[in-house]
Structures are given as C-alpha cells and as structure tokens.
Amino acid sequence: MKKKILVANRGEIALRIIRAIQELGHIAVAVYETPDNAALHIRVANEAVWIGDGPRVDYLDIEKIITAAKHYNVDAIHPGYGFLAENPDFAKACEDNDIIFIGPSSQVIRDLGDKVTARRIMAEAGIPMVPGTQNLTAADAGEQEALEFAAKYGYPIMLKATSGGGGRGIRLIENDEQLKAEYPVARAEAKAAFNDDNVYIEKVVIRPKHVEVQIMADRFGTTVHLGTRDCSIQRRNQKLVEIAPSLIKDQSLLDEICDTAVKAARAAKYFNAGTVEFLIDSEMNYYFMEINTRVQVEHTVTEMVTGIDIVRTQIKLALGKKLAFAQDDVQIRGYAIEMRINAEDPQNDFMPEGGKTVSVYRSPGGYGVRLDGFVYQGFTVPEVYDSLLVKLTVHGFSWNETVDRLRRCLKNYNITGPKTTIPFYLNLVNEHDFQQGDFNTSYLDNHPELFDYKVDASEVNKLARLIAEIHQKKENTYAI
Ligand code: ADP
Ligand code: ADP
Ligand code: MG
C-alpha cells in the first residue's frame, strides 16, 4: 500500500529520506521555508509544502507541520536529524494525530533526551558510565554540590546541559574559580539554547575515543546492532569525520560494547533506529554517554560496511514491519570514512561561508564513493542554516585502501564559490596519526599544522574556467 510520508527537514538529510521513500514506492512530501525555495529536496519530492518565511522557526513549528501533514493526508513523518527530530512534543503531537512518527515513542525521546534521566535508566540496567551528579540545584546550593563533586573526583570535570545536544552546552572546568564563574552562565545559556536550565556534572574521560553503536529495533522485541563507528575527530565536541567500524584492534572489546548497546536500547524500551554513544579511555574502559533517538548524520558509514539501508529499514519498521535480519546476518565488510564537507573556512575558525553561490560543482565518483549532498552549480548556500553541503563517504576493503580512496576523492573535488573544509581534510588524510588510525577527541588540538595550507586559487580557477566551458548553460550538474 502506497503511503504518504512527510519529511520534516531540509538539506542533504531531506533528500536522503525522500530517496528511500520513493524507492519503497511511497509518496514523499517535502516542507520548506522561503530561504530554501531553490533547494533540491523540494524538486525531488512528489509534493512540496511552503510553511513560511522562516528562517528555522517554521521548520521548528510543530503546529504548522502537523497541520500541513493533516491537510495533505500524510500517514507518517520522518523528522531526519536536528530540528524537531529529538523533540518529544513533536513525536507526541504525531501520536495524538494518528500520524506515524518515524522514530521511537515520544516517551523514549523524552527520557533519553534528558541526559540525567538517561543515565539513571542506564545505571539501573548496569551499563557502565563515568561518575556524575543528578541535576544540580539552582543557585548557590548547586554550586556547592558541584564543588563537592570536584573535591571528591578531582578536576577536570564536565559541566553539561541536561537537555544539551549537537556538541553544545558542554564545558570543561579545570578549577574551583572557573566553576564558580561559569556555573550561572552555563545555566543561563542552557535555558536560552534548550529551554531548560538544568545542568549536571560528569567526570571527564581524558583524551577519550568516541565510539558509538548503531541500533535497529522493531516493535516485536528484536533489537540488533550494526556495529561501531568512531567519531573521535571532533572540533568543539562536534563531529567532523566518522569511521566505521572502530579501529580498536580488540574485537572482543568491540563485541562487548555492541552487546552493551543492545542492552541499553532494551533498557530504554527502544524501537526504530538509534545510536548508543560511548567514551573509551586509554586503558580501554568504556562508558555510556548518551543515546541519540534518530538517524545520525554519520549513518552512511554504517550503511557502507553493512550493506543495510538504515533509512529504508527505519521506514519499514515504523510502518509496522518486523526486522528482516537477525544479528548473525549483519556482517561488517571493510572500512568506511565520512567527511562533512561544510561551507566554512577552516583557517578562519570555521567561519560559515553561507550566502555565496556555488559557481563550479565538480564531484568525484568511482568505486566505493558515495555523496549525500544537496548543492548544485548555481546554488546559493543559504546563510540561515547549518553549513553542511555534502557528506563524502568512501568505502574500501582495508583501512589503507579507504584512506587512499578518500585522498583521491578530495583531490578531485572542486567546489568553487564558498570556501569549504576540503583542503583541511586533504591535510588530514595525509597526516601520519590519521593514517595509522591513531586518534582520540584531542586529535585536532594536537595537530594545529592541519590548518596550515594554501589553496592555489589559480589552479582552481583554471579548472573552473575549463569546466564552465564544458558545462556552458547546463545549470545543474548534480546527479539525483
Ligand atoms: P551531545 O549531546 O552534544 O552530542 P555528548 O554528551 O554526546 O553531547 O558529548 C559530545 C562530545 O563531548 C563527546 O563526543 C566527547 O568528545 C565530549 N564529552 C562529553 N562528555 C565527556 C566526558 N565526560 N569526558 C570527556 N569528553 C566528553
Ligand atoms: P526490502 O525493503 O528490500 O524488503 P528488508 O525489509 O528485507 O528489505 O530489509 C531492510 C534492509 O535490511 C535492506 O537494506 C536490506 O538490504 C537489509 N537486509 C535484509 N535482509 C538482510 C540480511 N539477511 N542480511 C543483511 N541485511 C539484510
Ligand atoms: Mg552525543
């Protein structure tokens, strides 16, 4: 039976989801704000609904999106990542209006979106985690609780917004003075950013690896994992490069972490796709960090190494199907690396380059190469959204082969107009520790030389001119 599925998102993930909907023979309904009126997701969808001038407020407007969904007789909504994806009120509004929310239940999203509640559920299930506090009391008493925690466990500590996400709302605190100074600020910022001023403290794992596990669960009690991803290469607690599987050589440790992730998902009564995040210290102790209740940006690397279409599976599970595969069917083949190609200037503190027009767009291809993007030649990158242009994911038989393939792709990638993170990534793939698979969350701090490069504008322009001649008048070279 054909279903109508609304995609409550934009950019590359909207396109990714629309593709899966259409492959399944369903009807994809896009929504968009005015700054996105030239975006590809609108054109590729079967129907598109303008929801307002935005920016961002309409993509975040639960009432508007539910109204649109009802007006267009939508059966299900896929929230993607970001925007309303982890908003329990949105999932609840879908439930209350008999619209299938493609994700777990609103209650699960509410529980796990609150990091303190998530930690409590996981502690009860015996999942290992770093010591931490409950929500700190507002004002002076909370400061006192924080100081006592620090006295007991020692600095540094992590002061975290309970409702935080996307790498925001996390502060590394080194001493009492800093704690006293930043405690009220952290609360105020948490309130402003997440509409919840609760904060709590975690002991810091020093130079950890970030390893996460992809989970898929149906509503009939089957929960499987799709192996690990390493997302240690981060800037300001935000992921830049993601790898599947983790390069940790101790396979029995990785298996144990995956089994723990399944246990964590079961403890949370999880269904649909989710990600259980862990930190691993230098002694290979692992600690639960959080569960993300949605498709991740980096789901592509897992798809490449397992062959399983995560978004297709998400949709089928939400429509009531059982998982089509068991744990033993999931085989990890080779390695995959994803790089987030952002319209940002890495040499200027990753300053966004929105507002600029892509004058040349020339992408690499070939064996083991996957692109998830939404820009095309002539497209002006909106200033008002995030700066992700395209995710370059490559797959290879071995780690070395994958790195070689990635280097080749980055060299062949030509995006002219906005500055991008490509030249920075080219330095990264040529860096020794990266090539050895030796990195943790301090990697970028330890490699300032990666920011030292020159883009040879004359070469880029020469190529741009040549390509412009070839593509004369062909405005769109993006392959849908
Ligand atoms: P978010 O919800 O923003 O993703 P997370 O809790 O997942 O926040 O943390 C994001 C990143 O911050 C982690 O990948 C890690 O690099 C760092 N981090 C978070 N908690 C700790 C901790 N206790 N010790 C060390 N690093 C941490
Ligand atoms: P389809 O939509 O083609 O009927 P299924 O619902 O059977 O697919 O499975 C959903 C996803 O799981 C697809 O990406 C498919 O490739 C993958 N998959 C199905 N069966 C297996 C299996 N035995 N082993 C590994 N992956 C599988
Ligand atoms: Mg996280």
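Keep in mind the model is a prediction, meaning the values are calculated, not measured. One-based numbering, in listed order, for ligands and for the atoms of each.
- Short contacts between ligand 1 and Lys160, defined as distances under 4.0 Å to a heavy atom of the residue, involve ligand atoms 6 (O), 19 (C), 20 (N).
- Closest heavy-atom approach to atom 16 (O) of ligand 1 within the set Glu202, His210, Gln234: this belongs to Gln234.
- The Glu290 neighbourhood of ligand 1 comprises atoms 1 (P), 2 (O), 4 (O), 5 (P), 7 (O), 8 (O), with distances under 4.0 Å to a heavy atom of that residue.
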Discussion item. Salt bridge (charged side-chain N to carboxylate O under 4.0 Å, His left out), that's the test. Do Glu242 and Lys239 meet it? Break it down for me.
Written reply: CA-CA 7 Å; Glu242 296 104 336; Lys239 301 161 186 171; 5.8 Å; no
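- Distances shorter than 4.0 angstrom do not occur between any heavy atom of Gln238 and any atom of ligand 1.
- Note that Lys115 lies outside the cation-pi zone of Tyr200, set by a 6.0 Å cut-off to the ring centre and a 45° limit from the axis.
- Considering just the N/O/S atoms of Glu290, the one nearest the Mg ion (ligand 3) carries the name OE2.
- Only one option out of Leu112, Ile291, Thr293 pairs with Pro104 in a side chain to side chain contact (heavy atoms under 4.5 Å, CB included); it is Thr293.
- Contacts of Leu279 with ligand 1, taken as heavy-atom pairs under 4.0 Å, involve the side chain alone.
- Ligand 1 has a nitrogen or oxygen under 3.5 angstrom from a nitrogen or oxygen of Lys203.
- Judged by a 6.0 Å distance limit and a 45° cone about the ring axis, Arg10 is not positioned over the six-membered ring of Tyr32.
- Annotation: Val204 places no N or O atom under 3.5 Å from an N or O atom of ligand 1; distance criterion only.
- Among Val211, Asn237, Ile157, the residue whose heavy atom lies nearest to atom 17 (C) of ligand 1 is Asn237.
- Of all the heavy atoms of Lys239, none lies under 4.0 Å from any atom of ligand 1, so neither backbone nor side chain is involved.
- Contacts between Ile170 and ligand 1, counted as non-hydrogen atom pairs separated by less than 4.0 Å, involve the side chain only.
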